[in-house]
Every structure is written in C-alpha cells, then in structure tokens.
2 protein chains.
Amino acid sequence: MKAEIITIGDELLIGQVIDTNSAWISVQLNLIGIEVVQIVTVSDKPEHLVDALDNAQKRAEIIIMTGGLGPTKDDRTKKTLSGYFQSELISHKDTLDHIANFFAKRGLELTALNETQALVPKICTVLPNDLGTAPGMWFDREGKIFISLPGVPFEMQKILNEHVLPQLKKVNQGFKIVHHTILTYGIPESFLAQQIEEWELSLPEHIHLAYLPSPGIIRLRLSAYGNNKSHLESEINFFVEKLQQIIPDAIFGFNNNTMAEVIGKLLISEGKTLAVAESCTGGNIAHEITMVPGSSNWFKGGIIAYSNEIKIDLLKVDPELINQFGAVSQQVVFEMAQNVRKLFNADYGIATSGIAGPGGGSPEKPVGTTWMAVSSKDKIETVMVRFANDRERNIKRATLASLNMLRLLLKEVK
Amino acid sequence: MKAEIITIGDELLIGQVIDTNSAWISVQLNLIGIEVVQIVTVSDKPEHLVDALDNAQKRAEIIIMTGGLGPTKDDRTKKTLSGYFQSELISHKDTLDHIANFFAKRGLELTALNETQALVPKICTVLPNDLGTAPGMWFDREGKIFISLPGVPFEMQKILNEHVLPQLKKVNQGFKIVHHTILTYGIPESFLAQQIEEWELSLPEHIHLAYLPSPGIIRLRLSAYGNNKSHLESEINFFVEKLQQIIPDAIFGFNNNTMAEVIGKLLISEGKTLAVAESCTGGNIAHEITMVPGSSNWFKGGIIAYSNEIKIDLLKVDPELINQFGAVSQQVVFEMAQNVRKLFNADYGIATSGIAGPGGGSPEKPVGTTWMAVSSKDKIETVMVRFANDRERNIKRATLASLNMLRLLLKEVK
C-alpha cells in the first residue's frame, strides 16, 4: 500500500515553520511496510487542499493530512473536509466533554472558541486527542483512507500511534521494507564511495544503497524490499558486517544513534566518567551529552569558560600560556582538558577553544580555527581544525569532532 | 509571480532527513515578493520527478528543485532533467576546472566519479557552486523558469543568494508581500486569541493574521499584500504598536529573534554580564546563549553541575540543603543562582535543577518537575514548573522559561 502526506499551513509555505511532521510520519509508515510516495505542502486556502486531495488519490491508497485544525480563524481544514466528503459539521459529545475537562483541569474556563474544537464532519470517525483539543478524523471513501491530524507534533504523534497505526497495520499485510542506516564520520563522500565501491556492487538488486551526507557525518542507508522480514534483516546484517571490515574506524553507530549516545555506552561499559571544558562550543557538547537519557551516570558536568578570566580562575590555566600563545591554542586547550578532568574527578576530559565567528578572527587565526583536546590519566590528544565561516556550523562541527576524538580514544583503550 | 519547490530524495520520503531547504528557500522568495504555492517532495525515481515537473508548471512560473545531484549512484536528477529538456549531458569546462582545483586545494586527487560532477545538460545555464562540486542549473522553457540546486543546505544557499535571487528579482517586479512576526511567550493560544480578538477584527482585509504555536512560544504572523512596500510596512508597524499595548509583557521579540538574543541586547544596554549554573538543562541554556554572535561580550560562562558532588564542590551549595530538600528544590536552585553569579563575577545568574526524565521521577517529584532561579545583586526569583514526560521538550522548555524569567527581571530593572 502507498501513502501520501499532505501538510497544511501558510506558515510552511512562507518558510516560517519547518515541516518535521512528514518525516516522523514517514518513518512510522515505513515500519509497517507502507511506502510514502509523495509529500505535499499546501496553503490554508480550501481550494489548495481540495486540489491536493484530488491528486493524492491518484497515487496513493492512504492520505494523511496534518495541520489546519487549531481554534483560530486561519485554520479551515475541518470545514473544507466536511464539504469534500459532502457531510456536515456536528458537535461531537465525547470530544466536547474532553475539552471541558481539559480546561477544567488547568483551572481555565471553556470559551466559545474552544467549543468549536468539538465540531467534526458527521461522516468521520473521531480519533481522540488526549494531549490537546483538536481531535483527529478518519474518513473512508471508495477504498481510500483519508486521515486528518492536528499539526502540533506531540499531539499528532500520540493520535497516530494509538489510533491510526494499529488500524493501518491490519489493512496492510504482506509487503515489507527494512531500512538500516550505517553512520560514518570522517571520510568525505566521494572517497567513501571509492573505498566501498566493490561492496556496493555486491549488493543484490532488492537492496538499495543511498548516501546521506551532512557536515562531518555521512549516513549510508540500506533498504531491502521483499515479503519475509526476518530474511531481509539477516541479509542486511550480512552486508553491514562486511562493511565494518572495510571501514572499521569510520562507523560510529547505526540508525538514530548519536555520537554522544555511542560514547555513553563505551564509558558505561568501562565504568568511566567524563567532564567537559568548553569555550567556543559554549555548552553544546554538554547539551548533546545531556540529551542522552541516563547520561548522569557517566557525565559529571563541565565548565563553560567563555572568558579568559574563567579559564584562569576556575580551570587553573596558567595565564602565562594565554599571554604567550593566546586562548585559542594547543597549550591552553591541553590545560583545559587536563584540569577539568581533575577538577570534576572524572576519568576523561574534553576541551575546546576556537573562533566560532563571525567576529574574532585574525590573519594567523581566521574564523573557524578550533583547538580540541581529549584527556585521560594516561593520554592527551590535541587537534587543530579550520572550520568555515558559519558560527552555527562551526559550533556543531567542533562538537562532533571533539566527541569523535574521545570515541576513538575509548576504542583504543578497549 | 508564483513558485513551486520540488525536493528530491528517497531519504526525505522515508523520513530519514527533514527537509529544511524548502523553508529557507520560501523565506528568500517571499522577501522578493514571490509567493510559494506548493512544496512537493518526490523520490529519486526519474518518473516521479517528471510527473512533479509537469504538475508544477500548471501552478507556478518558477520551479526550484533541490537534491539528487551528488556523485553517487542514487542521484539521478541531472540525467532526468537532460531528458526532460531534450538536451544532452556535456562536460562543463569551468566546472571541471573548479572541481580539480577544489580537490587539489585539499590535497586530494580527482577521481573519475568526481569528474562526472562537471556533466550538465547542454541547454542549461550553469550556476557555479563555490562550496561544493555539484553545480546548480537554470533552464528557461516557454516562459517558465526551472532551477536545479544541490541538496546540501549551505551549498544551495550560496548558489541561490549569488546566482538565482538577483536574477529572479529582475524578472519579478511590482507585487509585494510584507511579513512581520510577533513573538510571544507565556499565554496559551486560545487565551491569547481572546485577549487580542478586537485587535484581530480591526485588521484590514489585505493584512492576514496567523497563529504559529510551539511549546511555550506563540508567534503571530502578519502578512500584508499590495504594491507599495513602504506603505505596507508602515501599516504593519501601526498594528504591531497597538498589539504591544494589549500584551506588553508577553511580546519578547520579532521575526527571527531568539530569547537569548533579546536578553543579550538588554544586558549590553545596561553593561551587565551573565553566568549560568545548569543541572537539568545540561548546557542548553549556555548553548542557546553562545549561538548568539558576540555573546562573549555579555556571557561569562557557566557550570554544568550534573552531579551533587559538583554542586557542592564547585558551586558551594550547602550539602545539608541537598540532604534535607533534595537537589531538585527551591533551596538548592536558589544557592546555585547566587553562587554562580558570584563565582563568575557576573551581574546576573540563572540556575536550573529538575528531572528531565525518562528516569529519576518520584511521587512527590515526578518527571518534569523543574526548579529555576534568576539572581542579581538585589533580587532572586525562583519558580517551579511541572513540564511533561519528554526529555527533549523538558530541556527546551526549562531553557526558555528560565531565560524568560531573566528577561522579565531585566525589563523591571529598566
């Protein structure tokens, strides 16, 4: 079975909001063997949605819409759908009760505007929205399924998980897709392609490879198509193992793993802990780490030393070194990594000091110049990289690069 | 003039990559008065792209494609376009020279795979890609403009800025759209709608209002349509000023302002500095702050105290308080905010301590329980909020909430 996703809202077309719902829905549909053939974003104008619905039916059996269900005047999806399915809007009792309860719980009074949230086309099946006030709606027409969901991500996700996917699973049985993504760090795309060319050519026809490059990380996605899920999975495992022999150091994880998560697992397996001293990355390394659930078991914390004063007073960097070599230097980042490790009584330390930009560059140290260090009781490594001119990218790349240094150090120890 | 955006790539349809290019392109087109009528995401299969191109021409005069131009086997856009425009692929000399130079600079040899990057349909105008190896392409046919750009965001952005937008600006003269977005924090959507209903009704027909809710923040976007840009802008200013009188405290900024940026401006205007002590937010407050260019002028740094040991040793929190009230308590967050301010010799301090989840909750302090404090020489405020169950959202909401506490404190001082 094939699906099409329609996201609704002027805010998407003027670029004010990035559509994250489609990607999330696509992942869920793929997991139950439903292929997404197209994603379309249309405006809040009724005629655009009608046009998109007409076209989607030509390509797909399942059409999932998100957005346009809010209480305010610019959201017109419900009225449009009611017309499209030649139905009428009625007040849905359970939904009205839920909304009243929703507001009462928060000590707020129910407004007339909120009551309109309980209106739905008579012909639809209501999909309850536990986390919000706009319910989802399911329509069946001429063998096609139309589903309308709110645009707020966590509300949409809960409705899809609880009321849509279990039903679709029943409808769609047989065809399977298995995806597996290998995460690599450090080898540029065209070189990676050369290194793994032979392996790529050995893939059978029903297993596809795609390269997904992003700054620093290239993801290799294998997709296997067939009827037997466990057979597809073991085929994929076979090819992943082959690949690990070709580029063992570059592969840092799989699927949705993050670099920080991988490091956390390595540290836990050794019973070791980590602390960070961040200058140019300004807290982003700690943020990446603390996004991992349970990171408090292996992460002790860190110091964001955004001024020389703090590098000297708290991190005990010798002021002479800063005078002689500058804050962005091997000598300073070396001390930062060593001292934060000792100060936090941790086994490993990471430190960064660089010029994220746009200001602060000089001929010898242009914007993007970044020193990074990792330290353990037995070893310290320092690296200098010149990133580019973009502040956000420099912060992200330095975060990733220094975490990868630690990963390689931990692999060595192991 | 109207535009349609087509993003190409299986990775988008299986949800592995979130399409951020469309939003960015839409913003740029809007700024020069070109309206985006639809965004479509299609697979790497040639027939899908051909189908999308056929349909897009019915709705728009300008069709912008991104993606599918990489050197690897899964990218087939160039061949498809060559066929679509009945042209043939030829090697483009300037591009080949650029690619050879691109690799030489990095000390890498030019591979046969990279040479294919210089192939383009003979009929197109090549749009140079300074930051990568896949050039953009511009096609004119029967009064319609087709533009193909690489999918890597920063490469695409540079080509669009330098080689596409200046051209499109010349083609499209006359019709103007002015967008202005008001950023609010703290009032739920339906209550906000009630408070500003009268104001909303007073808007003329050519000015539209849209509500863009996200956790904590609701953005109100005004869009004005007409021929006279400066007239539209002064109309919008008029209505924005009216709105500021109705909800003065809730409005924290405009358009792409971030909360951290707004705080930075307030601190700079007072010549004051800030330090942070983060437990549950784990570095994210510092990260939000240090994403602001020039933040080193007002941000001294911080301590990520992810264990009690660090709260006691570095932040000098009285261990008795932790024993008696727990690390997630008013007493502890109070001390953290005071002590980090003193330790960093800063004028203001922010502190957080909470249970981000998924683990660590208890009946008295369930997951989501978060204490926050802001401190100055003269005042300390503490607040407890119960966020939800999602770790990522809890970290983001606590970050925003504590930054907003500081904003209100700074406004008061002013």
Side-chain angles (χ1 to χ4, degrees), chain A residues 10-20 23-24 26-27 30 36 38-42 70-72 74 111 113-114 152 179 181 189-190 193-194 209-213 221 282-284 286-287 289-291 293-294 296 299-307 310 344 358-359 390-392 395, chain B residues 10-20 23-24 26-27 30 36 38-42 70-72 74 111 113-114 152 154 179 181 189-190 193-194 209-213 221 282-284 286-287 289-291 293-294 296 299-307 310 344 358-359 391-392 395:
Chain A
D10 291 347
E11 67 276 18
L12 298 162
L13 290 176
I14 69 161
Q16 190 151 31
V17 169
I18 289 169
D19 168 29
T20 56
W24 190 87
S26 296
V27 169
N30 263 275
V36 176
Q38 189 156 309
I39 300 165
V40 178
T41 304
V42 297
T72 52
D74 54 312
T111 66
L113 200 56
N114 292 124
V152 180
H179 297 293
T181 303
E189 184 177 7
S190 56
Q194 275 192 313
L209 173 69
Y211 286 76
L212 309 169
R221 186 192 67 232
N284 196 43
H287 172 55
I289 287 168
T290 55
M291 286 286 280
S296 55
F299 181 60
K300 292 212 153 181
I303 287 182
I304 297 140
Y306 227 55
S307 65
I310 304 304
F344 280 71
D390 182 87
R391 184 176 181 87
E392 183 174 346
I395 291 172
Chain B
D10 291 347
E11 66 276 18
L12 298 161
L13 290 175
I14 70 163
Q16 189 152 32
V17 169
I18 289 169
D19 170 28
T20 57
W24 190 88
S26 297
V27 169
N30 262 275
V36 175
Q38 189 156 309
I39 299 166
V40 179
T41 304
V42 297
T72 51
D74 53 312
T111 66
L113 200 55
N114 292 123
V152 181
F154 66 97
H179 297 294
T181 303
E189 184 177 6
S190 57
Q194 274 192 312
L209 173 69
Y211 286 77
L212 309 168
R221 188 192 63 234
N284 196 43
H287 172 55
I289 287 169
T290 55
M291 286 287 280
S296 54
F299 181 60
K300 292 214 156 179
I303 287 182
I304 297 137
Y306 228 56
S307 64
I310 303 302
F344 280 72
R391 182 178 183 86
E392 185 174 344
I395 291 172

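In what follows, chains carry the letters A, B, and so on, assigned in the order in which the sequence lines appear, proteins first and then strands, with residues in each chain numbered from 1. What you see below is based on every heavy atom in this structure, not just the backbone, and it leaves out hydrogens, waters and symmetry mates.
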Problem set entry | Closest contact, heavy atoms only, B:Y306 versus A:F299 | CB-O, 3.6 Å
Exercise. Using a cut-off of under 4.5 Å for heavy-atom pairs, which of B:A305, B:G294, B:G302, B:A286 has the most such pairs with chain A?
Worked result: B:G302
Exercise. Relative to chain B, which segment of A:I395 carries a heavy atom at a distance below 4.5 Å: side chain, backbone, both, or neither?
Worked result: side chain
For this session: Select one option (side chain, backbone, both, neither) describing which atoms of A:I14 are under 4.5 Å from chain B's heavy atoms.
Result: both
Exercise. Which heavy atom in B:L12 sits nearest to a heavy atom in A:S26, and how many Å separate them?
Worked result: O-OG, 4.3 Å
For this session: Write down the atom of B:Q16, the atom of A:L212, and the distance for their closest heavy-atom approach.
Result: OE1-CD1, 3.0 Å
Problem set entry | Greatest number of heavy atom pairs closer than 4.5 Å to chain B - which of A:T111, A:T181, A:V36, A:I310 | A:I310
For this session: Let me know if A:Q194 has heavy atoms under 4.5 Å from chain B in its side chain, its backbone, both or neither.
Result: side chain
Exercise. Is it the side chain or the backbone of A:N284 that comes within 4.5 Å of chain B heavy atoms, both, or neither?
Worked result: both
Exercise. For the candidates B:D10, B:V42, B:I289, B:D19, which exhibits the highest count of non-hydrogen atom pairs separated by less than 4.5 Å from chain A?
Worked result: B:D10
Exercise. For B:R221 and A:E11, which heavy atoms make the closest approach, and how far apart are they?
Worked result: NH1-CA, 3.2 Å
Exercise. What residue, out of B:N30, B:V17, B:T20, B:V152, has the most heavy-atom pairs lying under 4.5 Å from chain A?
Worked result: B:N30
Exercise. Looking at A:P213, A:S296, A:A193, which has the largest count of heavy-atom pairs under 4.5 Å with chain B?
Worked result: A:S296
Problem set entry | Minimum-distance pair of heavy atoms, taken over all atoms of A:I304 and B:I304 | CD1-CD1, 3.7 Å
Exercise. Looking at A:I303, A:D390, A:T41, which has the largest count of heavy-atom pairs under 4.5 Å with chain B?
Worked result: A:T41
For this session: Indicate the atoms forming the closest heavy-atom contact of A:G282 with B:T290, along with that distance.
Result: O-OG1, 3.0 Å
